[in-house]
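In what follows, a single structure is set out as structure tokens and then discussed.
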Amino acid sequence: MASATAATAASISHRSPLCKSVDKPSPAFSKPTLKPLHKTLSFTLTHKIRSTTAAKNPISDVISSSESYPDEEDLVFDNDDKPREECGVVGIYGDPEASRLCYLALHALQHRGQEGAGIVTATAEGVLKSVTGVGLVSEVFNQSKLDQLPGDNAIGHVRYSTAGQSMLKNVQPFVAGYRFGRVGVAHNGNLVNYQTLRAELEENGSIFGTSSDTEVVLHLIAISKQRPFFLRIVEACEKLKGAYSMVFITEDKLVAVRDPFGFRPLVMGKRSNGAIVFASETCALDLIEAKYEREVNPGEVLIVDKDGIQSLCLMPHPEPKSCIFEHIYFSLPNSVVFGKSVYDSRRQFGEILATESPVDCDVVIAVPDSGVVAAIGYANKAGVPFQQGLIRSHYVGRTFIEPSQRIRDFGVKLKLSPVRAVLEGKRVVVVDDSIVRGTTSSKIVRLLKEAGAKEVHMRIASPPIIASCYYGVDTPSPEELISNRMSVEEIREFIGADSLAFLEIDSLKKMLKGDSKNFCYACFSGDYPVVPSGIVKRVGDFVDDGLNGSIGSIDGGWLQGSKENKGEDLDVNYEEQVPV
């Protein structure tokens, strides 16, 4: 039976346990029009800036407000001005406590999504059971909910997106029936040809129940004529463009798939009882005592069933383009992502900053939590003490649920508290992982100076972000990205810092050495490895938000892309659309 299956697979994809990449140039296309950056990325002031100086808000034309800046008493820190990972996925095969292990693994991946969570299991009778809900993993699941999820196989998902109507229906994993049975899927990523595929499917009679691009995958599986089942997945994935790391579950199989560019991470591990585990990060494997085996390779399909593990290569593909922001911000420091320690990467980012952008200072602090490791690297290299100058509260609810920027700002001081004993009278270097809109950084500087810091020097452990991401990361539109609107000196003046320096992109690539060509830097350069075609979702504003109606009726949530891969210019102008 296994050999027959392999023979069938060979007719579509060649077998390859490693599914290695082959060098192939990315298709040429024109990148978005972006404001060029100044060649030098470090500027220092010779005079002191008043901490209460109000600068013009560079996104005042994007976010409606009656004022250009809040009153002095409202100057609070908004810790949500960060790119956000969209999802985390888990798959477990062959463990009698699969649902409970999946629940724990999702806890470990909670940082990848806090809006909703779900688990699907396959019972001994071949029935797929599902529990999904809105909120944190601990809020969605309890003992009674886990008791409803028997079986040795399970997949799970945590998601992040902005709030919207009917959000529960977009919480994954999705389960669908087709003529040969039922299938569940959990997806991390974003499909850049979603609109084109959905339009074709609807033209042929498909009916969609969500606004999620993941649902397209289920429809493609359902209409496939391939047998056995996993070849349906292969055929469906061959039509997808963009980022996807997915796990599928049927009555007797678990399937893991990663897109040919390997944008989003996916790893495989093994428990002592032989159970196979897939997860977005190795930190999930650690919690449930699964030994890390290897990555799911870019373009690889892994099928796990009673006959063992089978590996197929999805399709010929170019060199990987893994997301560099996994190492800058998204992943936990204790994870190994794309074969590299996240902790080591961030420590080296800090060391490079200390070497290339030094400044006289008395103390180095971090913006917790993602800036901590880079700050430690900076302090060690500079020979300056690292101290905890900002204390983060982990017990404050998220504040961005409110509809306006001004309302969001009111609760932010609850999140970060400056330590006056560390800061007062000191020349302070504060290390953060990135600057997105700049509103967060300006409030951090104000907090530190109000706490008595003599000077505040901002060091950013990533290059300037000048372009949006289409591959599963929540980033604002280019108009809202401060580095696309201002030079480094203008940003420094806007945030009120005494100096500002970013990690140079050339230094970042030099640190990565021979692996540098295997990472995606689109958010820093505007050069996209996969050309968006048709109308592309603007991730972070309307991804999976549950809005009903036609694609064109989702206000501002779509970008006009190029026409397939024919070398046309990529049009990134937002469409004027009428809200639902």
Side-chain angles (χ1 to χ4, degrees), residues 31 34-44 82-83 319-331 333 337-361 364-367 370-384 386 429-436 438 441 457-467 469 473 475 481-484 486-492 495 497 499-527 529:
K31 60 184 177 181
L34 302 167
K35 181 174 181 177
L37 295 172
H38 286 207
K39 190 172 183 180
T40 303
L41 293 180
S42 180
F43 293 84
T44 304
K82 293 290 181 185
E319 63 190 13
K321 293 295 177 185
S322 303
C323 177
I324 189 61
F325 245 93
E326 292 287 350
H327 278 262
I328 291 170
Y329 177 69
F330 298 136
S331 299
V337 177
F338 309 134
K340 291 180 175 292
S341 164
V342 175
Y343 187 97
D344 286 347
S345 293
R346 292 180 186 170
R347 176 182 52 78
Q348 291 180 70
F349 296 159
E351 292 175 351
I352 294 170
L353 279 170
T355 301
E356 298 186 350
S357 304
V359 66
D360 291 335
C361 63
V364 176
I365 69 171
V367 178
S370 54
V372 170
V373 179
I376 291 172
Y378 188 103
N380 289 342
K381 193 71 174 178
V384 177
F386 167 79
V429 166
V430 56
V431 180
D432 202 357
D433 60 88
S434 60
I435 293 181
V436 182
S441 299
H457 303 275
M458 184 74 75
R459 295 295 179 266
I460 306 301
S462 68
I465 302 173
I466 64 171
C469 176
V473 178
T475 49
L481 296 170
I482 194 169
S483 292
N484 186 43
M486 297 182 179
S487 69
V488 177
E489 168 62 8
E490 289 169 336
I491 297 170
R492 182 210 56 73
I495 67 176
S499 73
L500 169 66
F502 290 84
L503 179 67
E504 296 261 13
I505 191 166
D506 289 341
S507 300
L508 171 61
K509 292 180 178 179
K510 183 178 179 181
M511 186 275 285
L512 294 169
K513 298 179 181 176
D515 292 330
S516 64
K517 65 182 185 301
N518 295 331
F519 284 90
C520 175
Y521 309 98
C523 55
F524 305 136
S525 66
D527 295 322

_Closest heavy-atom pair and its distance - Ile495, Ser441_ = CG2-CB, 3.8 Å
*Any donor-acceptor pair under 3.5 Å linking the side chain of Arg459 with the backbone of Ser357?*
yes
*asked:* Between Arg347 and Asp344, does any NZ, NE, NH1 or NH2 come within less than 4.0 Å of an OD or OE carboxylate oxygen?
replied: yes
_Working for side-chain contact (heavy atoms from CB on, under 4.5 Å), residues Ile376 and Tyr343_ = CA-CA 10 Å; Ile376 291 172; Tyr343 187 97; 4.2 Å; yes
*Side-chain (Ser345) to main-chain (Ser341) donor-acceptor, under 3.5 angstrom*: yes
*Side chain Thr355, main chain Glu351, donor-acceptor under 3.5 Å*: yes
*Specify the closest pair of heavy atoms between Ser483 and Ile465, including all atoms of both residues, with the distance to one decimal.*
CB-O, 3.3 Å
_Once rounded to the nearest 0.5 Å, what's the spacing between atom CZ of Phe338 and atom CG of Leu512?_
11.5 Å
*Mind listing the closest non-hydrogen atom pair of Phe502 and Pro463 along with its distance?*
CD2-C, 4.0 Å
_Under the criterion side-chain contact (heavy atoms from CB on, under 4.5 Å), I'd like the reasoning laid out for Ser462 against Phe524: C-alpha separation, chi angles, the key distance, then a yes or no._
CA-CA 9 Å; Ser462 68; Phe524 305 136; 4.2 Å; yes
*For the residue pair Leu500 and Val488, what are the closest heavy atoms and their distance?*
CD2-O, 3.6 Å
_From CG (Asn380) to CZ (Phe386), nearest 0.5 Å_ = 9.5 Å
*Cation-pi geometry met for Lys321 and Phe519 (6.0 Å, 45°)*: no
*Okay, side chain of His327, backbone of Val337: is any donor-acceptor separation there less than 3.5 Å?*
yes
*Spatial distance of atom CD1 (Ile365) from atom CG (Asp432) [nearest 0.5 Å]*: 10.0 Å
*Compare every heavy atom of Val364 with every heavy atom of Ala375, then report the nearest pair and how far apart it is.*
O-CG1, 3.6 Å
_Residues which pass side-chain hydrogen bond (donor to acceptor under 3.5 Å, both in side chains) with Ser322, listed by chain and number, not counting sequence neighbours_ = none
_Does Asp515, at its CG atom, have more than 12 non-hydrogen atoms belonging to other residues, nucleotides or ligands within less than 6.0 Å?_
yes
_Student check: side-chain heavy atoms of Ile466 and Leu481 closer than 4.5 Å_ = no
*Going from OG on Ser434 to CD1 on Ile328, what distance comes out if it is rounded to the nearest 0.5 angstrom?*
8.0 Å
*Do we see a donor-acceptor contact under 3.5 Å between the side chains of Ser370 and Arg346?*
no
*To the nearest 0.5 angstrom, please state how far the CZ atom of Phe349 sits from the CD1 atom of Ile460.*
13.5 Å
*Return yes if some donor-acceptor pair links the side-chain N/O of Lys513 with the main-chain N/O of Lys510 below 3.5 Å, else return no.*
no
*Nearest-0.5 Å distance that lies between atom CD1 in Ile491 and atom CE in Met458*: 11.0 Å
_Within the supplied structure, the quantity of interest is the number of heavy atoms (other residues, nucleotides, ligands) at a distance under 6.0 Å from Lys381 NZ; does it exceed 12?_
no
*Kindly give the heavy-atom pair with the smallest separation between Leu508 and Ile324, and that separation in Å.*
CD2-CG1, 4.1 Å
*asked:* For Ile505, is there any backbone N or O sitting under 3.5 Å from a side-chain donor or acceptor partner on Tyr521?
replied: no
*Between Arg492 and Glu490, is there a side-chain N and carboxylate O pair less than 4.0 Å apart?*
no
